[in-house]
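Throughout, protein chains are lettered first and strands after them, A, B, ... in sequence-line order, and every chain is numbered starting at 1.
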Amino acid sequence: MYSRLDHREVSRLLFKYGASVIQRLDSSVTHLITTDLPIHLKRKQDITPKYSIVSPLWVLQCIQSHKLLPTFPFKIPWPSPSANQSIEKMISPSKLRGSSNQCADSSPPGTSLFPRPTSPYKLKSVGTETEKITPPVTTSPIPQLLKQPPQESPLLKQPPKESPIVNPAVPSPLKPLPTKKPNTRMLTSSENPNFIQDYFEKSRLHHLSAWKAQFQEQLREYLTNNLSHKLSSIKTARNESPPHPHNNNQRLICHVDMDAFFVTVSLLAFPEKRGLPAVVSHSGDNSTVASANYEARKYGIKNGCWLKSAIKACPDLQVLPYNFDEYERVSKKLFSVLASYSDTIQVLSCDEAILDLSQYTHHQAQHIATEIKAIIYKETSCHCSIGIGKNILTARLALRLAKPNGMAVVPPDEELIDWIQQFDIKDLPNVGYSLVQRLSSFNILSIADIQSKDQEQLCSILGAKTGRTLYYSVRGEDHKALCSFQLRKSIGVDLTYAIRFSDNPSIFEFIHKISEEVHRRIASVGARSKKLTLMVKKRAEEAGEAVKYLGHGVCDTYTRSITLQNEIYLPEDISSHAIQIYKKLNIKATDLRGIGIHLSRLVYDSQAKGQTTLQNWLRPLGAKNTLIQSTPFEINLQSPPKL
DNA sequence: ATCCTCCCCTAC
DNA sequence: TAAGGTAGGGGAGGAT
Ligand SMILES: Nc1ccn([C@H]2C[C@H](O)[C@@H](COP(=O)(O)OP(=O)(O)OP(=O)(O)O)O2)c(=O)n1
Ligand SMILES: [Mg+2]
Ligand SMILES: [Mg+2]
């Protein structure tokens, strides 16, 4: 009855609803969840265990009824032949958390603002639907202080309720050839032959990803040329400067990030609206806010929230259109300025980078940062903020304090432990919704709480790497290197919006188009691939039409990969493998909600762009640093970020 | 132990 | 109108 997949899912559900799941049997175990009893357990002293042995069905029923049910009807009989069923146990499912995932469909990706950016996948077994989206707590439609309200803002998304009957705005995708074709004309994957380009052109998330790759690449090329010219005898490039001998033998990292980037740039064209609360967003009732300025944030409006709820919180909100060309133009200026100050730069996004200023003293570094800030403003008319610290982690935290339009410096080591306690757990890099939930289920709510745990404890809760990283993070320690020279390890295209098909041939045709796009991208960096991965989103069994207009809704996501004998890069090779995998998944055409094709295990051509970097990247450089004050970051390529 | 696959999570 | 893309770190569990 339970496949391996379901086993994992049960694990996730257990965790989701507040159980602690461990892989061993010890005295803390209250329930053993299994479909049959492993023989090796039977032999042990567990003959009369303290825990109940129950079927996964019990878990699902408990969740559905929102309470702890008696285990009796779900007991598993003792003897059993099969020995390989893996087991899960819950320690204390004392209270099931309120049905927490109904909103899976309501949270746009890439947002940290919403109550539950939870994976739709989890919804499957619970059988709950997206519709009810209960904005957690918070009532006050009153402007909130800048510092975040503990959990929720007043603007939780309230996606439109869908009538269970027929939403005239959403044509049924189930009709192969609808006689009365509604207004999705040219909008969906099946109706628009130029869907991919048309869509990407307007997708902020696509631009974000494409720009990051583009600027990383250009910077890499620029630095490669620049350095090999400057350091004629030494052909290697370095990623970091050695610590300044006078600076306590520590690095100095400087994190620069534009303030409210999109909306600030868009506002340049509307000077009369400066100073007013404003956001950038597509227009319409169902759109998402890409960027909110600090005036708008006073109302609790955040990047990624629904436009609808933003306007509700601030009726006078100025809604500005995207201006992707301008964002790109300003980004170029930004990196041009940064590259003139340091040749150890890591691009984090189109509005953000970290510099290694280890060659300077603290004092000099602050002076330089002040200057950078001023020059960026002079060049772009946009403000940025800067954080300075001894590593990437603390520089980022300082950046938070610096926002908006400020600069902040991390205090000396002795004060770090206390200093870091002013942040929320969620402020730590790589700590998002899920980790916060996990930690809070162990009653770990603050940074101080994390500090009080030893590394072992954290690792047992979070896994080895994550636990260790977090242990050091709350002490302000981070040894991650700054990487100027980054080569992508994978290249892929994902489409999960407005995907509606009625038959497989159209889907195959679509896969061909995606494959062409993937090919263009991998060819443009001069690489081939030895592994192809197909991602497919399929409408979940009990899921209705998506809450979001033409969205994917609640889905099950499948990933299948194939390792190849020979590297591929041609569109027909990509598509033939992808289609082959797709067929095996046996998806009903009308249920398809998303497709992605990714290539990994990349091999870069030796004379193409990748080459210089790959070799140089691995070699640290002992050479002294050359002060580069006026090297412009030449951006030769006028090519658009996509396609 | 270490590698591989299939996720999950995070970030912008 | 709306435009939910992507890369990389990491974990679980099975194969070797
Ligand atoms: N959920 C999100 C987050 C960000 N972005 C885009 C718009 C932002 O302007 C840009 C940069 O992201 P930042 O996280 O740097 O946010 P801002 O620059 O808008 O604000 P700030 O950096 O001042 O916090 O990325 C987006 O489209 N959707
Ligand atoms: Mg920013
Ligand atoms: Mg940013």
Side-chain angles (χ1 to χ4, degrees), chain A residues 4-5 7-9 11-12 15 21 23 84 86 88 104-112 117-122 169 183-185 187-188 192 195-196 198-213 216 257 261-262 281-288 290-291 303-304 307 322 347-352 396 426 428-435 437-438 462-467 469 480 486 488-499 521 531 533 535 537 546-553 555-563 593-594 596 598 600-601 641-642:
Chain A
R4 189 171 64 105
L5 201 66
H7 153 74
R8 290 189 190 182
E9 181 173 323
S11 276
R12 280 194 299 274
F15 164 64
V21 179
Q23 313 302 326
N84 63 352
S86 55
E88 302 162 5
D105 191 34
S106 75
S107 296
T111 169
S112 51
T118 121
S119 152
Y121 181 71
K122 296 173 182 161
N183 51 9
T184 63
R185 223 165 43 86
L187 225 121
T188 60
N192 181 348
F195 177 78
I196 300 182
D198 287 357
Y199 174 69
F200 280 164
E201 191 174 306
K202 295 171 181 163
S203 159
R204 79 191 203 279
L205 292 175
H206 165 73
H207 278 88
L208 243 30
S209 298
W211 279 330
K212 179 174 179 180
Q216 277 179 342
D257 184 295
F261 185 55
F262 282 14
S281 149
H282 289 298
S283 38
D285 248 14
N286 283 320
S287 49
T288 301
S291 175
N303 291 0
L307 178 62
Y322 287 91
V347 174
L348 299 188
S349 83
C350 65
D351 85 326
E352 190 174 351
R396 174 183 288 281
K426 182 73 173 55
L428 297 170
N430 305 315
V431 176
Y433 173 83
S434 183
L435 260 196
Q437 294 309 302
R438 187 161 194 137
L462 306 171
K465 298 271 191 98
T466 312
T469 304
K480 192 147 59 76
Q486 281 183 301
R488 271 179 293 181
K489 297 182 197 168
S490 70
I491 289 178
V493 171
D494 286 299
L495 288 155
T496 67
Y497 182 80
I499 300 299
R521 295 190 194 181
K531 181 177 181 183
T533 304
M535 183 279 297
K537 273 190 184 298
V547 168
K548 187 176 175 66
Y549 179 57
L550 289 184
H552 53 63
C555 286
D556 295 323
T557 303
Y558 305 91
T559 297
R560 294 292 180 275
S561 60
I562 177 174
T563 299
R593 291 293 179 273
H598 291 258
S600 53
R601 296 199 195 172
K642 69 297 163 175

* B:dC12 OP1/OP2 closer than 4.0 Å to side-chain N/O of A:Arg204 -> no
* Reckon A:Thr496 has a side-chain N or O less than 4.0 Å from the OP1 or OP2 of C:dG5? -> yes
* Roughly, in whole Å, what's the span from OH in A:Tyr199 to P in C:dG4? -> 4 Å
* Using atom NZ of A:Lys480 as one end and atom C1' of C:dG8 as the other, report the distance to the nearest whole Å. => 10 Å
* Asked: Under 3.5 Å, is there a donor-acceptor pair between the side chain of A:His598 and the main chain of A:Lys531?
  -> no
* To do: With the side chain of A:Tyr558 defined as its heavy atoms from C-beta on, choose the nearest nucleotide among B:dT5, C:dT6, B:dC7.
  => B:dC7
* To do: Please determine if a side-chain N or O atom of A:His598 lies less than 4.0 Å away from the OP1 or OP2 oxygen of C:dA7.
  => yes
* To do: Verify the contact: side-chain N or O of A:Thr563 to OP1 or OP2 of B:dC4, cut-off strictly under 4.0 Å; return yes or no.
  => no
* Nucleotide nearest A:Glu352 when distance is taken to its side chain, options B:dC6, B:dC12, C:dT6 -> B:dC12
* Asked: Any side-chain N or O of A:Thr288 under 4.0 Å from OP1/OP2 of C:dA3?
  -> yes
* Asked: Atom CG of A:Leu435 to atom P of B:dC9: distance rounded to whole Å?
  -> 9 Å
* To do: Side chain of A:Leu205 only, please: which of C:dT6, C:dG4, C:dA3 is the nearest?
  => C:dG4
* Does A:Ser490 place a side-chain N or O at less than 4.0 Å from the phosphate oxygens OP1/OP2 of C:dT6? -> no
* Structure fact -> Of the listed C:dG4, C:dG10, B:dC12, the closest approach to the A:Thr466 side chain comes from C:dG10
* May I have the distance from A:Ile491 (atom CD1) to C:dT6 (atom P), rounded to whole angstrom? => 12 Å
* Please state how far atom CG in A:Asn303 lies from atom P in C:dG5, giving the value in whole angstrom units. => 18 Å
* Nucleotide C:dG5, atom P - distance to NZ of A:Lys212 in whole Å -> 17 Å
* To do: Among the candidates B:dC6, C:dG4, C:dG8, find the nucleotide nearest to the side-chain atoms of A:Tyr497.
  => C:dG4
